[in-house]
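In what follows, a single structure is set out as structure tokens and then discussed.
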Amino acid sequence: MRIATWNVNSITARLPRLLAWLESSGTDVLCIQETKTTAEQFPADELRELGYESAVNATGRWNGVALVSRVGLDDVTVGLPGGPDYEGVQEPRAISATCGPARVWSVYVPNGREVDHAHYAYKLQWFEALKASVAADAAGARPFAVLGDFNVAPTDADVWDPALFEGATHVTPAERAALAALREAGLSDVVPRPLKYDHPFTYWDYRQLGFPKNRGMRIDLVYGNEAFSKAVTDSYVDREERKGKGASDHAPVVVDLDV
DNA sequence: ATGTCATGCCTCGCATGA
């Protein structure tokens with residue numbers, strides 16, 4: 001089974017590339033982030049024509065996540081149970097479902113903006129709720145994984161220039177401690193291989209030639225439990241999808257499983 | 001080459017977020 005996660009930065013803007021990539025890559029289950037659409041506007045019909053079911057948590061212009069599967073899509077949970085509000089609203093940042101043999105989450109962790117911003121505190125609270133929600137499945141025997149845009153670089157090697165990130169979000173000890181807490185709950189980081197260069201970055205800013213200069217970050221992560229991680233036969237970042245006109249600023253992370 | 005991009009509106013340019 002081939003499972004992937006991809007922050008598409010608008011599923012409307014990305015639809016031609018998304019449909020072409022699903023077919024060419026042979027992906028069975030895709031975790032999507034930043035749909036930037038309402039659930040009503042989500043292109044479920046186009047995906048169904050390719051043989052994929054969809055489950056969507058999306059409310060409009062910002063955020064939005066989805067699960068797309070051609071191997072089953074059952075027991076869908078929309079949202080993060082017990083998750084915090086931001087400015088009085090439960091933002092659409094999580095959805096989970098059972099896709100064939102695996103239980104899967106698609107998450108778009110809050111960005112945080114600045115360390116002294118309310119959004120940063122919200123980010124840490126969001127991680128706390130995520131850990132509580134996934135703890136049982138993380139410790140369970142069924143293959144289970146949380147995939148998505150975590151908006152945290154796990155180590156200094158996961159940013160192109162750590163010196164530039166001093167004092168910034170995505171690299172703080174508290175954010176990395178939130179990832180460590182997920183690992184302590186039974187999940188492990190399925191690190192993909194890069195298709196070029198020595199580090200598997202997954203995101204490159206649109207600005208200042210970020211991609212051509214490989215000024216990237218690894219913030220799109222796959223956190224799998226023991227059964228999931230043991231079944232992994234390969235994993236890579238499909239940087240080809242970051243190239244050319246009409247690319248997202250994130251590349252898909254692909255995981256092959258023997259399940 | 002690939003020197004932002006995407007959305008949505010008090011909508012044809014700007015504010016916002018990343």
Side-chain angles (χ1 to χ4, degrees), chain A residues 5-21 31-43 46 56-66 84-94 106-124 126-127 147-154 158-161 164-172 175 194-197 199-221 237-253:
Chain A
T5 181
W6 192 9
N7 180 325
V8 296
N9 185 21
S10 169
I11 197 164
T12 307
R14 218 63 60 214
L15 190 59
R17 285 184 78 129
L18 173 66
L19 296 175
W21 184 79
C31 303
I32 300 172
Q33 299 85 40
E34 284 210 82
T35 59
K36 290 187 168 179
T37 185
T38 62
E40 292 72 27
Q41 294 165 326
F42 187 87
E46 290 87 340
V56 183
N57 181 13
T59 56
R61 184 179 184 187
W62 305 117
N63 314 308
V65 290
D85 286 359
Y86 186 71
E87 295 182 341
V89 180
Q90 281 258 346
E91 296 177 327
R93 294 182 175 278
S106 175
V107 300
Y108 178 48
V109 176
N111 174 287
R113 300 184 190 158
E114 313 287 339
V115 290
D116 57 357
H117 197 286
H119 209 254
Y120 178 81
Y122 166 62
K123 181 179 195 173
L124 297 178
W126 203 92
F127 267 121
L147 304 94
D149 181 353
F150 283 63
N151 269 316
V152 179
D158 295 311
V159 295
W160 60 277
D161 185 353
L164 285 181
F165 284 83
E166 276 186 42
T169 61
H170 294 60
V171 301
T172 65
E175 289 165 283
L195 295 187
K196 188 180 178 183
Y197 304 118
H199 202 76
F201 294 140
T202 65
Y203 161 81
W204 300 260
D205 198 298
Y206 284 125
R207 293 164 287 192
Q208 291 154 340
L209 287 174
F211 184 62
K213 295 181 177 176
N214 199 33
R215 294 176 172 173
M217 304 174 75
R218 187 172 76 92
I219 56 176
D220 299 273
L221 308 177
V237 181
D238 191 352
R239 72 186 300 283
E240 296 301 310
E241 271 308 311
R242 183 60 182 77
K243 294 183 178 178
K245 195 172 174 61
S248 170
D249 44 1
H250 296 250
V253 177

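In what follows, chains carry the letters A, B, and so on, assigned in the order in which the sequence lines appear, proteins first and then strands, with residues in each chain numbered from 1.
Distance noted for atom C1' between dT16(B) and dT11(B): 16 Å (whole Å). Nucleotides dA15(B) and dC10(B), compared at atom P, are 13 Å apart to the nearest Å. Spacing of C1' atoms, dT7(B) relative to dT2(B), comes out at 23 Å, to the nearest Å. For the P atoms, the distance linking dC9(B) with dG3(B) amounts to 28 Å, nearest Å.
The two residues Tyr197(A) and Pro212(A) make their nearest non-hydrogen contact at OH-O, 4.2 Å.
Distances shorter than 4.0 Å separate some side-chain N or O of Arg14(A) from OP1 or OP2 on dA6(B). OP1 or OP2 of dA18(B) has at least one side-chain nitrogen or oxygen of Arg113(A) nearer than 4.0 Å.
Side chains of Ile11(A) and Leu18(A) form a contact here, defined as non-hydrogen atoms less than 4.5 Å apart.
Across the protein-nucleic acid pair, Lys36(A) atom NZ and dG8(B) atom P stand 9 Å apart, rounded to whole Å. Between the P atom of dT2(B) and the CD atom of Glu241(A) lies a distance of 16 Å, rounded to the nearest Å. Between the OH atom of Tyr120(A) and the C1' atom of dA18(B) there is a distance of 18 Å, given to the nearest Å. One atom, CG of Asn151(A), and another, C1' of dA18(B), lie 8 Å apart when rounded to the nearest Å. Atom CZ of Arg93(A) and atom P of dG17(B) are 12 Å apart (whole Å). To the nearest angstrom, P of dA6(B) lies 16 Å from CD of Gln41(A). One interatomic measurement links the two molecules: CG of Asp249(A) to P of dT7(B), which rounds to 12 Å at whole-angstrom precision. Rounded to whole Å, the distance from OH on Tyr203(A) to P on dG17(B) is 15 Å.
Aromatic ring pairs are classed by plane angle as parallel below 30°, tilted from 30° to 60° and perpendicular above 60°; the pair Trp160(A) and Phe165(A) is perpendicular. Taking the six-membered ring for Trp and thresholds of 30 and 60 degrees, Tyr122(A) and Tyr86(A) have ring planes inclined between 30 and 60 degrees apart.
Minimum atom distance to the side chain of Phe211(A) is reached by dT2(B), of the listed dT7(B), dT2(B), dA18(B). Listed candidates were dA6(B), dA18(B), dT2(B). Nearest to the side chain of Arg207(A) is dA18(B). Nearest nucleotide to the Arg61(A) side chain, out of dC5(B), dG17(B), dA15(B): dA15(B). Of the candidates dA18(B), dT2(B), dA6(B), the closest approach to any side-chain atom of Leu209(A) belongs to dT2(B).
Atom-to-atom distance recorded for Gln33(A):CD and Ser106(A):OG is 4.0 Å, nearest 0.5 angstrom.
Backbone-only engagement by Thr12(A) is indicated by non-hydrogen atom pairs under 4.0 Å involving sugar-phosphate atoms exclusively. Looking at heavy-atom distances under 4.0 Å, Tyr108(A) makes contact with sugar-phosphate atoms alone, never a base.
Where Asp149(A) and Ser10(A) meet DNA chain B, the nucleotide closest to each residue was compared, and Ser10(A) sits on the side nearer the 5' end. Taking for each of Ala13(A) and Asn63(A) the nucleotide of DNA chain B with the nearest heavy atom, the 5'-most of the two is the partner of Ala13(A).
Under the 3.5 Å distance criterion, the side-chain polar atoms of Tyr206(A) are matched with a main-chain donor or acceptor of Asp249(A).
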